[in-house]
Every structure is written in structure tokens, then in C-alpha cells.
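Heads up: the structure comes next, in C-alpha cells.
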Amino acid sequence: MHSLSIKFLNKNDIYQDIVLNSSTTSVIGKNASGKTTFLKKLALPSKDIKLIFDNTDLNALSLSKRSLLLSWLPHCEKPSFNFKVMDFILLGRYPIHKGIPTLKDYQIAEIYLEHLGVKELKDRDILSLSKGEYQKINIVRVLICQTSLVILDEPFSNLDISSIATLVNLLKSEAQDKDRMIISSFHDVNIANVFSTDSFISLTKGKINFHTSISSSILESIYDIKLREIEGFYSIF
Amino acid sequence: MKILKLLITVLVLLIGVVISLSIGTTPDLLSYSWDKIYVVIFDIRLLQVVAGIVVGLTLGTSGLLTQGMFRNALASPDILGVSSASVLGVVICYILGFYSSLVSFGFSFIFATLLSLFLSFLARYSFYSLLLIGISLSLLCSSISSLLVSSFIFQNKNIYSLLYWLYGDIIINSWKDILVLFIPTVICFYCGFILSGKLDVLSLGEDSSTTLGINIKRFKIKLIFVISTMISISVAIAGGLSFIALIAPHITRLMWGPNHKRLFIISGINGASLVVYADILHKLLVNSYKNVQLGIITSFLGACFFLFILISQLKHSSVN
């Protein structure tokens, strides 16, 4: 089990310090509430934040050491050149293979492609993929580095419900069986509630709050909307 | 399959070299004595071809590094104005009265580096604004160069010689001049090849590359250093030879895919082929039309190709 403590050093920040212990954490909040900004602050080295991950100060590490501990899925970013899907995925293991992928890197990539059922995409051109296909490939790229800390920004955007079901299971088993800590932002509170059971971060007007569980009243204060709870699921209708 | 493709690429260059060696301004070469033939082939034609290959290699590879750095296949040191800045450096150096090749190399390197540093600060904004700023800077630098050369032209024979070189022409007098540039060329190739591996990662975006362990600032400064040195080498030999640095990597990427390490080597070979064949065309034209510079030929063909790329991208963007 890993632990991550987030300390905001910049006094002007309205963020408050947080300690995460759960293997899966969901980040929720309205559009423009600062989810992407917050996750980017964690993912990129920054002077106004102190990240202690299992007694290691992440921002004091060199970039190459840091890259072996933390990986990040940015929101909607396409590569500028038309790589083959396999070459693109292997870029995710750059911190390990440093530009010369070995057979092991290929094997790990194949395993994840198999898990997501997108093995047939591996010889396609990356820019010819649909948005959903690209999103899956991009998630594989981030997962194959097998870092202990994974930060995902809206991993399920553009995905259909069956892909989401596969991915939620994959991410949860990654977190539990392989002992990785995954922090992910979601649009859909129900998916967030399935993904993590005891660790939620909510962002409202730039304010950050930590919850061990979510309820209708918490969600109503986050989203400013009436919600109904039906057998553990939340509905606006 | 890949080996065959590589062999063809090298063969194209070699055939170009052979053709280039057999064409020249001396009529009926075979009727002369062996000594004379040796001098013409070895000291004039081969020197010209080797100079062309060095220019093509540096332009092709520096073009690839620039495209990788700006993450766009339309970037190139000549379109963004790095070459023109480098040319301006040499012109200013001559006007100040330093005619040593080392000093002028230093001047052209400093000007090229300053311009690329300036551009890299703008790189976070939209690429098309950057492209327009680059094109304006390129025109600004070359107009200042022309202005300076034409106003000082009658004061000094050395400056008069710049007139041809300004628009790009391989002007090289002895093997010594090539050998001086040999060491920086080799160092640049080595460094450029090492750096090109990271360009694949950079194409994921600057933030993603940071999380994959690349120090973007340091990486870009290294790239700018290598690109500026390469451009200064090519400018020292051939002046403002334009469009080779754009076309060579572009064609190579179409044929070989986007893997930058592979592209680095093959862009260099293709750049060399382009210069060698442009030089053959140049020699054929010079026989009938005097005063045609090599740069005019590469500009003409290159501009047509650039237009073609831009128009085909236009179609592509209107569909989306």
C-alpha cells in the first residue's frame, strides 16, 4: 500500500494539504473547476507543491528517476507525427528502455493491448484512429511503464460503456493486484464511485476537499444540482 | 525490404556523384593529358561534389532536428529565418573587415543561435504564428544582407564576392576549406543522432515528455546549439541555400515513417542527393545561361514543393 501526501507551498493557493492512502482515488468537480490544473500540478515537477510518495520527495528527484515512479495521461493530446500504434505505445516505456525497446517491452505492450481487446490496432497509424480507439491506446501507453503512481486525466472521455466497463476493471486490478496508486478524474460520478470506494477529491471554485465517501448531499454541493440516489447510483432525473 | 530501400537511397546519391563528376565547364576533357584530367576531376569537380554532400547532409539533418523540435513538418531552419540570420552574420563580419573564415563562422553561428533562441521562446504559441514570424524574420535578415552588400559592394573585392554567395552557391576553393569544417560536422552528426532519439518522445508534447524524464529546457538548448552549428557549416560553404532543409526531411518522412533516429541518417543522405542533383542541373544551365546560382534552382524547385505541401494540407484541414 502506498501513501501520497500533497502539500501546497504557495500561500496564495486556496488548495489545502491532503494525504492519500487508498490505491484508487477519484477526482470530481464541475467543468472548469480546476481538475486538469490540479492533476497537472501533481504530474509535472513544480516548486509550489511538495509531493511525498512513500517517504520520497518526488519533486526533489531528477526527472529520469521521477519518471520511473510517476506516469501521467494528459487530456486530449495527439502526437505531432504519425507513428505506428506499437511504436507510439512503446514511447510510454521510454524511462526504462531509453529509446531502444527490448523484447520485454513489446511483450508487456502486447499484454495490455490484449486486456483492452485492441490488439488488432497495433500496426495501424496512430493519427488514423478514432477518438475512442486513440484514448484506449493512450491509456495503454501510460500503463505500460508500470510506475507506482499513475495520474489519469479523464481517461474515459470518448469511450463507450463496454470499453469503460473493461477499463474500470483493468485499472482496479492494476491498483489492487500490482500495488499501484491511481488518481483519476471523471465526469461521471457513478463511474467515480465504482472506481474508488473510500477516497475522493472534489474541486469546487478552486477549493479542494477530501472525502472518504460520497453522498447525495456532498454531490449536490459540488455540482449545484438536485440528485436522487437509486440503489447506490446517482441520477439527475 | 528496409535494407533494399536504404541501398536505393545510397545508390541514388552515388549515381548523382558520378554524373556530377562527368559534367563540367571544361569541353572535351578526355583530349587533355592525364595530369590535367586529374586536376579537373579531383581538385575542381570532386571538391565541388564533396562540398555539396557536406552541405546537403547538414541541411537535411538540421531540418529534421528543427521539425522535431517545433513538432511540425513545415518547420525548417531556412523558412524560420535561421539560415538568413546566419548569412547576415557573415555579411556583417565581412563589412567590419574580418575576412578570416573562423571569425565569419563564429559570427554566423552567433546570429543563428540568437534567432533560434528567440523562436524557441515563441514555440509555446500557435505554430502558424511562429511560422509567419519566422518568415518575416527571414525576409528581414535577407533584405538587410542584400542592402549591406549592395551598399558596400564597390569598396571591397571581398564583399563583391559575397554577391553570388548571398543567394546560395557552392563557393569553395581548396580541400583545406572542407577539412577545416570536417571536425565540427562530425561532432554535430554524433550529437544530432543522439538527440534525435528523444525527438520521438517530444512529439507527445512538452508536458508528457517531462513526465517521461526529459528536461525540455536543456534538451532544446542542446538542439539549438547543434542546429545552429550545422546551419553555420552549410552557410560557410554554400550561403543561403534554401528549401533543402525543408524538403529532405519531409520526403524522407513520407517514405520511412516518423522514427527520428532512422530519419536522421536518411534525411542526411537525401539532403546530400538533393544538393548533388540540383548542382547537376545548375551545371547544365550554367553552360547556356551564365550567372545562374545554385540557390535559384533550389528556391524554384523548393518553393513549388512547399506550395504543394501547403495546398494539400489546406484540402486536408477543410475536410476536418
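Chain letters run A, B, ... following the sequence lines, proteins first, then strands; residues in each count from 1. FYI, side chains are in, hydrogens and waters are out, and symmetry mates aren't considered; it's all heavy atoms of this structure.
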I'd like to check B:Leu199 versus A:Phe81 (side-chain heavy atoms, cut-off strictly below 4.5 Å). Are they in contact?
no
What's the separation between atom [atom1] in [X] and atom [atom2] in [Y], rounded to the nearest 0.5 Å?
X: B:Asn259; Y: A:Lys84; atom1: CG; atom2: NZ; answer: 12.0 Å
X: A:Ile151; Y: B:Thr211; atom1: CD1; atom2: OG1; answer: 9.0 Å
X: A:Phe88; Y: B:Leu204; atom1: CZ; atom2: CG; answer: 5.5 Å

Enclosure of [X] [atom1] (heavy-atom neighbours >12, cutoff 6.0 Å):
X: A:Phe210; atom1: CZ; value: yes
X: B:Ile3; atom1: CD1; value: no
X: A:Lys50; atom1: NZ; value: no
X: B:Leu7; atom1: CG; value: yes
X: A:Lys178; atom1: NZ; value: yes

Quick one: closest heavy-atom pair of [X] and [Y], and the distance?
X: B:Ser208; Y: A:Glu77; result: OG-OE1, 3.8 Å
X: A:Asn82; Y: B:Pro258; result: O-CG, 3.2 Å
X: A:Leu44; Y: B:Thr210; result: CD2-CB, 4.0 Å

Counting heavy-atom pairs under 4.5 Å with chain B, which one of A:Gly99, A:Pro74, A:Pro95, A:Ala43 comes out on top?
A:Pro95
Could you name the residues of residues 125-133 of chain A that have a heavy atom within less than 4.5 Å of a heavy atom in chain B?
none
Heavy atoms only, distances under 4.5 angstrom: which of B:Leu202, B:Ile214, B:Val201, B:Asp207 has the most pairs with chain A? Name it, please.
B:Asp207
Ignoring hydrogens and geometry, is there a side-chain-to-backbone donor-acceptor pair from A:Ser80 to B:Ser203 under 3.5 Å?
yes
Geometric class of the B:His260/A:Phe83 ring pair [parallel <30°, tilted 30-60°, perpendicular >60°]:
tilted
Against chain B, label A:Lys40 side chain, backbone, both or neither, depending on which of its atoms sit under 4.5 Å from a heavy atom there.
side chain
Bottom line for A:Arg141: the part with an atom under 4.5 Å from chain B's heavy atoms is side chain
